Amino acid sequence: MKETGFEMKDVKEYTILVPNMAFNQFTLIQAALLSEGYHVELLSTASAEVAQMGLQYVHNDTCYPAVLIIGQFIEALRSGRYDPDSTALAITQSGGGCRASNYIKLLRKALDQAGFHQIPVLSFNFSGLEKDMSLKLTPKLIGKLVAAVEYGDLIDGLYHECKAYEINEGDARNKTVEWLDQVSSWLLEEKNFHIHDMKKMFPAIVKDFTRVPIKRTEKLKVGIVGEIYVKFSPIGNRDLVHFLEQQDCEVRLPGLMGYIEYCIANMKLDSDFYGMKPMLGKICDQILSIVDGLGTTASDALKSEGFHGESSFREIMEKPEGILSLGVKMGEGWLLTAEMIELIESGFTNIVCAQPFGCLPNHIAGKGVIRRIREKYPQANITAVDYDPSSTKVNQENRIRLMLAVGKENLQK
Ligand code: SF4
């Protein structure tokens with residue numbers, strides 16, 4: 001691979017393109033990075049050409065999120081909107097044994113082939129990967145990123161719940177945009193991102209959402225789980241949230257912080273199960289307690305105003321017991337099973353499990369456990385939907401419609 005000539009000390013001179021995955025959370029992550037001088041732009045291109053573009057540079061046996069992310073980057077660079085000499089790309093790396101840790105190599109190869117060899121690829125990870133090309137995670141930036149995800153998850157959950165029951169169309173979205181703007185400006189002004197600030201602001205945000213006029217009626221409650229990218233990204237799941245909203249469902253997506261906590265918890269599990277890095281395991285356990293405490297405060301604030309609040313992460317970790325071992329931690333691993341159970345136990349018995357093509361780990365922890373979950377929870381109505389470049393939207397939607405029809409029957413019973 002060719003040299004880019006890029007030096008990390010110049011990174012703040014570059015426009016950094018990041019694929020948008022979860023709109024509300026990523027809007028705040030962008031603000032957190034902007035506040036530290038990184039000129040981040042989120043890519044939200046959703047045309048069908050993105051997948052075709054990706055397939056020109058990535059083998060079609062590669063997992064679908066890689067095809068989409070790489071296609072989206074190349075499409076943006078080819079559009080002429082960005083100067084290749086001052087543009088960088090950034091992707092996250094989970095650091096697990098999964099292929100996501102290697103997307104960066106695939107992207108580098110695609111850039112060379114597409115004639116963009118000078119474009120640097122930055123990594124966003126907590127695992128010490130790609131040390132020379134990683135964004136520097138200072139304690140302040142980490143604090144802001146945690147705040148961005150926590151606030152983002154809270155606002156996202158409130159949006160979905162209000163959206164399902166809003167009396168005046170658009171009220172839930174307007175309130176959401178209002179709060180995204182407010183939290184973005186806090187982050188840019190370096191305000192309200194410390195733990196004690198967040199604990200004060202969570203109840204204020206929830207209280208303000210109670211001003212959205214809603215009328216609760218009996219609706220089909222549908223949860224979405226799956227591989228992280230196709231679960232959240234509208235290009236990954238063909239705008240699944242919008243489709244379910246059109247079918248008059250209440251939609252729920254487990255928060256993004258859950259995935260981050262899962263990655264932290266796995267380091268502790270490595271130490272418990274295999275004796276790996278015991279000191280790191282202890283530190284991770286303490287970090288988990290702090291982050292989980294924040295989640296619990298958000299959840300309590302939601303419940304106190306009659307909204308839905310998730311169980312604490314420690315409780316969620318106990319959910320797969322008897323179904324899947326916590327040692328299963330490739331891809332979304334045990335978290336995928338745990339999220340399905342959490343949804344079922346909180347009344348979201350209808351579930352779409354979004355699975356990308358080529359994703360073996362999540363086929364095991366998702367599709368592979370559905371029978372066992374149904375044995376334990378007979379009311380569970382789960383459908384696994386495969387997402388890949390060749391599957392048609394009609395087929396995917398018909399599969400989901402079938403699941404919704406069963407859900408409606410169950411609701412009437
Ligand atoms: S979780 Fe699945 S889709 Fe994601 S990198 Fe791993 S195999 Fe690919």
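Being a predicted model, the structure only gives us computed values, none of them experimental. Counting convention: from 1, in listed order, for ligands and their atoms alike. Below, each value reflects all heavy atoms present in this structure, side chains not excepted, and no hydrogens, waters or symmetry copies.
- Of the possible polar contacts, one joining the T297 side chain to the G293 backbone as a donor-acceptor pair under 3.5 Å is found.
- Here the two rings, on W179 and Y151, have centers that are 6.0 Å apart or farther.
- Taking the six-membered ring where the residue is Trp, the centroids of F209 and F307 are separated by 6.0 Å or more.
- The side chain of Y103, and not its backbone, has at least one atom closer than 4.0 Å to an atom of ligand 1 (non-hydrogen atoms only; side chain from C-beta on).
- Between atom OG1 of residue T383 and atom CZ of residue R399 there is a gap of 4.0 Å, rounded to the nearest 0.5 Å.
- Residue contacts with ligand 1, taken as heavy atom pairs separated by less than 4.0 Å, involve C359 via backbone and side-chain atoms alike.
- Only the side chain of N362 comes within 4.0 Å of ligand 1, judged by heavy-atom distances.
- Atoms of ligand 1 lying under 4.0 Å from any heavy atom of P356, numbered from 1 in the order shown and given with element: 3 (S).
- No side-chain donor from either of D197 and W186 sits under 3.5 Å from a side-chain acceptor of the other.
- Of the candidates G236, A66, C63, the one placing a heavy atom closest to atom 8 (Fe) of ligand 1 is C63.
- With 3.5 Å as the limit, one finds a donor-acceptor pair spanning the side chains of D153 and Q25.
- Applying the 4.0 Å criterion to heavy atoms of P65 picks out, from ligand 1, the atoms 3 (S).
- Which parts of ligand 1 touch E227 is read off a 4.0 Å heavy-atom cut-off, strictly below it: atoms 1 (S), 3 (S), 4 (Fe).
- The distance from ligand 1 to the heavy atoms of G331 drops below 4.0 Å at these ligand atoms: 1 (S).
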